Protein chains: 2
Amino acid sequence: MTPAATARSSRDLPHPAREEIRLEGVLHALSDPVRLRIVRVLAADSDELFSCSYFDLPVTKSTTTHHFRVLRESGVIRQVYRGTAKMNGLRRDDLDALFPGLLDALLAAATRQAARPAND
Amino acid sequence: MTPAATARSSRDLPHPAREEIRLEGVLHALSDPVRLRIVRVLAADSDELFSCSYFDLPVTKSTTTHHFRVLRESGVIRQVYRGTAKMNGLRRDDLDALFPGLLDALLAAATRQAARPAND
DNA sequence: CGACTCGTACGATAGACATCGTAGTACGGC
DNA sequence: GCCGTACTACGATGTCTATCGTACGAGTCG
């Protein structure tokens, strides 16, 4: 037995299985500006993992934790502990399998809006 | 000449201008199952207008009014009075101009999810 | 006019949510 | 073993939201 397969630490984070991911949940998760921002950063380098503290967000740490949890529970991101840090990555494979083209369209839309004259 | 062309009711409904439509708002509007359902029906025939009562929704009339207002205020649908009825249509032109491909990706995702084994 | 239909407005309510601060837990290094 | 760093858990709070019921306004048709 590989220890990895059975080593269920208390620091194990619950993720929804691919089939449990709901479109409504994903949309709700991305309808918050802070979370949308997080996802855009993660998407910029999909193969990389980023710690929570990597992000420069306009909210406190408690709130940051909350947002990351919403993203994880809705199935948008994957979180893994690595030492004291919690690494975050986009679940692009799952999302693309479930909803082909959606993530790209969403990211393109976000980029487009960010490029609009009047705002962030 | 049909009077219909000029018969504008005094009741005017406020819609956001194209540039005022926010991605977050659109996503939030579509993150509710009832509203997503409405949009899917509207999208099935984009050139047609449907009255509110056309939809068979699992909520009361008051709630239905509420959902249609959320959709209108977020810029997803357009509403026009026609006699006692209020006709609803998707703002596909504006959404496609702002976020090319997004609406189609969202609708495809919704269809795909609806076709999934376990649910609506 | 009067009745009927369609949708609105208003008020109430229960639940969700974004936000914060403080106190605490897990891990890695000294 | 002890300290600092990274994140969490918990509790509080104000706001938003989905829902309802009832009462009303606007338009159509007899």
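Remember, it's a predicted structure, so these values are computed and weren't measured experimentally. Just so we're on the same page: letters track the sequence lines, and every chain starts at 1.
At distances below 3.5 Å, at least one donor-acceptor pair connects side-chain atoms of A:Arg72 with backbone N or O atoms of A:Pro14. With hydrogens and angles ignored, the 3.5 Å screen pairs no side-chain donor or acceptor of A:Arg82 with any backbone N or O of A:Ser51.
No side-chain donor-acceptor contact under 3.5 Å links A:Thr65 and A:Ser62.
Among D:dC7, C:dA18, D:dT19, the nucleotide with an atom closest to any side-chain atom of B:His67 is D:dT19. Among the nucleotides C:dA18, D:dC20, D:dG27, the one closest to any side-chain atom of A:Asp32 is C:dA18. Closest approach to the A:Thr63 side chain among D:dA18, C:dT19, D:dA9 is made by C:dT19 (side chain taken as heavy atoms from C-beta onward). For B:Tyr81, whose side chain is taken as the heavy atoms from C-beta onward, the closest listed nucleotide among C:dC17, D:dA18, C:dG7 is C:dG7.
The distance from atom NE2 of A:His66 to atom C1' of D:dC10 is 14 Å, rounded to the nearest whole Å. Per the geometry, CD belonging to B:Glu24 stands 14 Å off P belonging to D:dT17, to the nearest Å. The distance from atom CE of B:Met87 to atom C1' of D:dG27 is 15 Å, rounded to the nearest whole Å. The distance between atom CZ of A:Arg69 and atom P of C:dT19, rounded to the nearest whole Å, is 13 Å. In this structure, B:Leu49 places its CG atom 16 Å from C1' of C:dC6, rounding to the nearest Å. C:dA16 atom C1' lies 10 Å from atom NE2 of B:His28, rounded to whole Å. Counting to the nearest Å, the P atom of D:dA18 and the CZ atom of B:Arg37 are 16 Å from each other. Rounded to whole Å, the distance from CD on B:Glu73 to P on D:dC16 is 13 Å.
For the pair B:Asp47 and B:Arg92, the salt-bridge criterion is not met [side-chain N within less than 4.0 Å of a carboxylate O].
Residue-level contact check: B:Arg35 touches the backbone only, with heavy atoms under 4.0 Å from sugar-phosphate atoms and none from bases.
Nearest heavy atoms, A:Leu42 versus A:Asn88: CD2-O, 3.5 Å.
Of the residues in residues 51-62 of chain A, those with a non-hydrogen atom less than 4.0 angstrom from any atom of DNA chain D are A:Ser51, A:Cys52, A:Ser53, A:Lys61, A:Ser62.
Annotation: of the two residues near DNA chain C, A:Gly83 and A:Val70, the 5′-most nearest-nucleotide partner is A:Val70.
Atom CG in B:Asp104 sits 11.5 Å away from atom CG in A:Leu102 (nearest 0.5 Å).
The list of ring-ring contact (aromatic ring centres under 6.0 Å, His included) pairs with a residue in residues 17-56 of chain A, not counting sequence neighbours, reads A:Phe50-A:Tyr54, A:Phe55-A:Phe68.
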